[in-house]
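Okay, so here's the structure we're looking at.
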Number of protein chains: 4
Amino acid sequence: MTDLKESGRVRAADAKRRRLMRAAAEVLHRQGAERTTIADIARVADVPAGNVYYYFKTKDDLVAAALSEHARRLELLTGHLDRLTDPRLRLRGLIETWMGQRDLAARYGCPTGTLAVELDKRDEGGLDVEAGKVIRLLLAWVERQFRELGQPEPDGLALTLVGAYQGMSLLANALRDPGVMDREGARLLAWLDSLDAA
Amino acid sequence: MTDLKESGRVRAADAKRRRLMRAAAEVLHRQGAERTTIADIARVADVPAGNVYYYFKTKDDLVAAALSEHARRLELLTGHLDRLTDPRLRLRGLIETWMGQRDLAARYGCPTGTLAVELDKRDEGGLDVEAGKVIRLLLAWVERQFRELGQPEPDGLALTLVGAYQGMSLLANALRDPGVMDREGARLLAWLDSLDAA
Amino acid sequence: MTDLKESGRVRAADAKRRRLMRAAAEVLHRQGAERTTIADIARVADVPAGNVYYYFKTKDDLVAAALSEHARRLELLTGHLDRLTDPRLRLRGLIETWMGQRDLAARYGCPTGTLAVELDKRDEGGLDVEAGKVIRLLLAWVERQFRELGQPEPDGLALTLVGAYQGMSLLANALRDPGVMDREGARLLAWLDSLDAA
Amino acid sequence: MTDLKESGRVRAADAKRRRLMRAAAEVLHRQGAERTTIADIARVADVPAGNVYYYFKTKDDLVAAALSEHARRLELLTGHLDRLTDPRLRLRGLIETWMGQRDLAARYGCPTGTLAVELDKRDEGGLDVEAGKVIRLLLAWVERQFRELGQPEPDGLALTLVGAYQGMSLLANALRDPGVMDREGARLLAWLDSLDAA
DNA sequence: AATGAATGAGTCTTCATTCAT
DNA sequence: CATGAATGAAGACTCATTCAT
């Protein structure tokens with residue numbers, strides 16, 4: 001078998017794997033981990049149900065894959081924002097991104113946050129830890145920006161900002177009101193500007 | 001059958017109902033709605049499994065009952081706080097109550113918030129709306145305090161405060177760190193003090 | 001509810017449990033543990049498939065129950081034989097019982113022996129140990145008889161006798177020839193008679 | 001394509017086939033037929049899973065191949081023993097070989113015997129017959145030795161000896177005690193010596 | 001109302017076997 | 001022939017809900 005054929009096959013398999021991860025990320029966000037069946041994800045990914053297990057040994061593996069897909073997306077976003085030279089502008093960009101997802105948040109909440117909430121109810125499997133890692137990723141990036149801004153206690157500020165985001169997403173979702181994202185987003189932007197330009 | 005016996009029975013039945021509601025509130029908080037079986041709740045309530053259905057026709061009814069139990073507890077709390085004459089002290093009392101539940105929050109998050117997150121993933125049944133109502137109850141009470149304080153946009157402030165609470169609970173839970181509740185709670189108290197004593 | 005009704009119900013439930021144990025013993029002997037489905041056993045026991053789990057939490061529990069049913073039958077047999085005053089007659093009775101099951105042995109082998117063989121292929125679950133216990137039960141009883149006979153090394157003789165039984169059952173089964181049971185059974189009887197009447 | 005290439009390929013294919021047979025013999029002995037997947041065997045044989053079917057059309061074919069591998073090994077052994085001039089020494093050699101495999105027997109039983117037990121539970125496929133053939137092979141060789149020894153009823157003696165072997169293997173396995181093989185093996189050697197030197 | 005038991009739909013998971021390249 | 005991937009039929013197990021008494 002030529003390398004071309006080989007790599008073509010590998011590429012096709014990888015593509016399917018990626019499709020499953022993406023589908024898992026989407027469906028788990030919308031339906032939650034417990035209400036989502038493997039068949040649901042397979043359908044969205046357009047993969048035969050029985051074949052999912054070729055790529056992911058268990059449902060939990062798929063959930064973990066969805067979490068890492070969310071982590072990947074987060075890193076894509078922060079990677080983009082990192083191109084901005086001013087950390088304040090980066091944080092501004094982050095908040096504006098959140099605001100841009102107002103409708104999704106009002107319908108399904110923050111993907112990572114809601115998954116974390118659900119997975120934290122479990123005693124075993126370690127998926128709760130995995131979800132925590134994604135949130136830590138965001139916290140760490142935000143903290144870095146505050147540090148570059150010369151703020152004291154950048155970790156506390158990160159907690160405040162990310163907490164505010166999780167809180168507003170949850171409220172927007174519970175109240176089914178995207179306006180919450182606008183209102184609280186605007187407040188966060190103002191708060192950011194008000195921070196001492198050290 | 002005498003009225004006495006009758007009323008005794010009614011009382012016994014009511015007691016059982018209450019036991020089930022309380023058990024549901026506890027267990028659903030700890031395990032989440034999907035991972036909790038009717039048998040789980042029946043066991044904690046010390047009620048035979050087959051008997052649950054005389055009090056609650058469906059599992060969803062039990063979940064709704066748990067939500068209303070949480071609402072009742074919330075009203076118990078605000079009722080207590082309402083005895084304080086200063087609305088600022090009332091809000092302070094609320095925040096301190098949240099901080100007092102730091103360990104529970106770090107382990108299972110906010111009962112209402114996490115239930116709302118989970119129930120919002122559903123399309124039908126209306127339990128999401130029910131969860132929203134409990135959160136609205138809290139929002140309304142907080143808003144009233146801010147109004148009494150003479151704050152402009154008391155609704156926005158309520159959103160901010162309750163949002164902060166949900167956010168810090170979620171982070172404390174996801175990071176499994178009760179310290180988050182202390183830190184953010186202290187920040188909220190300071191923020192509250194800083195608000196213009198209009 | 002009256003005690004009568006209560007006990008009636010308990011009796012019915014017990015009866016079903018017993019039916020399942022008996023069915024499991026039979027079907028597992030005939031088909032082996034791996035080739036037997038829960039549905040197979042349920043059908044023979046005339047119990048709805050979904051209901052089996054009310055009585056036995058897992059398939060392994062059912063296998064264990066089958067083993068204990070075989071143990072019960074063994075104890076029933078030895079209990080009968082124990083009424084004989086002469087231990088030599090008891091052993092004779094045992095061998096004759098084996099010979100009486102010639103056709104069953106030729107078709108399916110010794111219930112306990114074949115189950116033990118299959119379960120010993122497993123690494124986990126402890127069912128192999130459970131099967132071993134039943135065999136030890138038989139060994140212990142046989143050893144006791146030889147001891148009462150005043151034989152030196154009654155444990156070695158027990159090993160020889162039970163081993164011979166397992167071996168002849170296996171050969172009868174593999175060769176599909178009940179005659180093996182007759183032939184070897186007769187030899188064992190003669191061997192027994194030849195043992196020094198100490 | 002040259003013949004040389006051709007024959008090289010054939011040789012490679014043969015080697016793979018042999019590897020699969022050997023792997024099947026080993027793995028089926030350890031795990032049993034039902035608990036062994038084709039993938040298990042392929043892995044041990046270091047053959048890609050999808051490739052197994054070019055050598056064996058079905059799983060049953062592989063099981064049959066494992067049986068014939070065991071037959072081959074048996075013939076290898078008896079071939080060796082046949083070099084001894086004294087049939088009594090040949091039987092002695094056989095028993096000593098059995099004793100030499102004490103640990104394997106205690107862990108997994110006799111390869112042929114345990115496979116026969118498992119396959120005899122089946123109604124169809126004829127693998128039970130195949131397993132029986134391997135045992136008959138052994139019986140026939142043993143019988144021949146007894147006949148050469150001038151023993152009356154060499155077939156009965158063969159049944160006794162092979163039955164004892166199967167029985168002691170089963171007990172060693174069920175009791176997880178290699179000592180059974182020593183003890184019973186020694187007894188068989190003594191028994192062999194005691195046979196009338198006709 | 002009370003209660004142990006019954007029911008059956010649904011979900012995850014495993015594998016022998018087949019297919020496309 | 002080689003090989004990774006595909007397929008689909010089981011089978012174990014769970015649980016909300018209902019039933020018989």
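Note on naming: letters A, B, ... go to the chains in the order of the sequence lines (proteins, then strands), and numbering restarts at 1 for each one.
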Checklist line | Atom-to-atom span, CZ of Arg17(B) to C1' of dA1(E) - whole angstrom | finding: 14 Å

Note to self: Strictly below 4.0 Å: does Lys16(B) bring a side-chain N or O up to OP1 or OP2 of dA2(E)?
What the structure shows: yes

Checklist line | Working for side chain to side chain contact (heavy atoms under 4.5 Å, CB included), residues Val134(B) and Leu115(B) | finding: CA-CA 11 Å; Val134(B) 186; Leu115(B) 259 183; over 6 Å; no

Note to self: Can you tell me how far apart CD (Glu118(D)) and CZ (Arg35(D)) are? Round to the nearest 0.5 Å.
What the structure shows: 10.0 Å

Next item on the list: Enumerate the residue pairs fulfilling salt bridge (charged side-chain N to carboxylate O under 4.0 Å, His left out) with a member in residues 45-59 of chain A, sequence neighbours excluded, ordered by first and then second residue.
Entry: none

Margin query: Taking any heavy-atom pair under 4.0 Å as a contact, classify Phe56(B): base, sugar-phosphate, or nothing.
Written below: nothing

Notebook entry, point to check: Can you check the Leu62(D) CG to dC15(E) P distance for me, whole Å?
Noted result: 15 Å

Checklist line | Separation of atom CZ in Arg35(D) from atom P in dA16(E), rounded to whole Å | finding: 13 Å

Could you go through nucleotides 11-13 of chain E and list every protein N or O atom that sits under 3.5 Å from one of its N or O atoms, giving the distance for each pair?
from: dC12(E); atom 1: OP1; to: Ile38(A); atom 2: N; distance (Å): 3.3
from: dC12(E); atom 1: OP1; to: Lys59(A); atom 2: NZ; distance (Å): 3.3
from: dC12(E); atom 1: OP2; to: Ile38(A); atom 2: N; distance (Å): 3.2
from: dT13(E); atom 1: OP2; to: Tyr53(A); atom 2: OH; distance (Å): 3.1
from: dT13(E); atom 1: OP2; to: Lys59(A); atom 2: N; distance (Å): 2.8

Next item on the list: Kindly confirm or rule out a cation-pi arrangement of Arg17(C) over Tyr54(C), judged by NZ or CZ under 6.0 Å from the six-membered ring centre and within 45° of its axis?
Entry: no

Check: Where each residue is assigned the nucleotide of DNA chain F containing its nearest heavy atom, which of Ala33(B) and Pro48(D) is assigned the position nearer the 5′ end?
Finding: Pro48(D)

Note to self: Please report the interatomic distance OG1(Thr36(A)) to CD(Glu34(B)), rounded to the nearest 0.5 Å.
What the structure shows: 9.5 Å

Checklist line | Of Gly50(C) and Tyr54(D), the one whose closest DNA chain E nucleotide lies more 5' | finding: Gly50(C)

Checklist line | Straight-line distance of Asp14(A) CG to Arg19(A) CZ, nearest 0.5 Å | finding: 12.0 Å

Next item on the list: Please check the phosphate of dT3(F) (OP1 and OP2 only) for any side-chain N or O of Asn51(D) closer than 4.0 Å.
Entry: yes

Margin query: Rounded to whole Å, how long is the line connecting atom CZ of Arg43(D) with atom C1' of dT14(E)?
Written below: 13 Å

Next item on the list: Rounded to the nearest angstrom, tell me the gap between atom CG in Leu127(D) and atom P in dA16(E).
Entry: 14 Å

Next item on the list: Calculate the interatomic distance between Leu20(B) atom CG and dA2(E) atom P; express it in whole Å.
Entry: 11 Å

Check: Is Arg122(D) paired with Asp60(D) through a side-chain N to carboxylate O contact shorter than 4.0 Å?
Finding: yes

Next item on the list: Quick one: look up who dC19(E) pairs with, Watson-Crick or G-U, both distances under 3.5 Å, and put none if it's unpaired.
Entry: dG4(F)

Notebook entry, point to check: 5'-most contact on DNA chain F: Val47(A) or Tyr55(D), nearest heavy atom basis?
Noted result: Tyr55(D)

Next item on the list: State the pairing partner of dT13(E); accept Watson-Crick or G-U wobble contacts with both distances under 3.5 Å, and report none otherwise.
Entry: dA10(F)

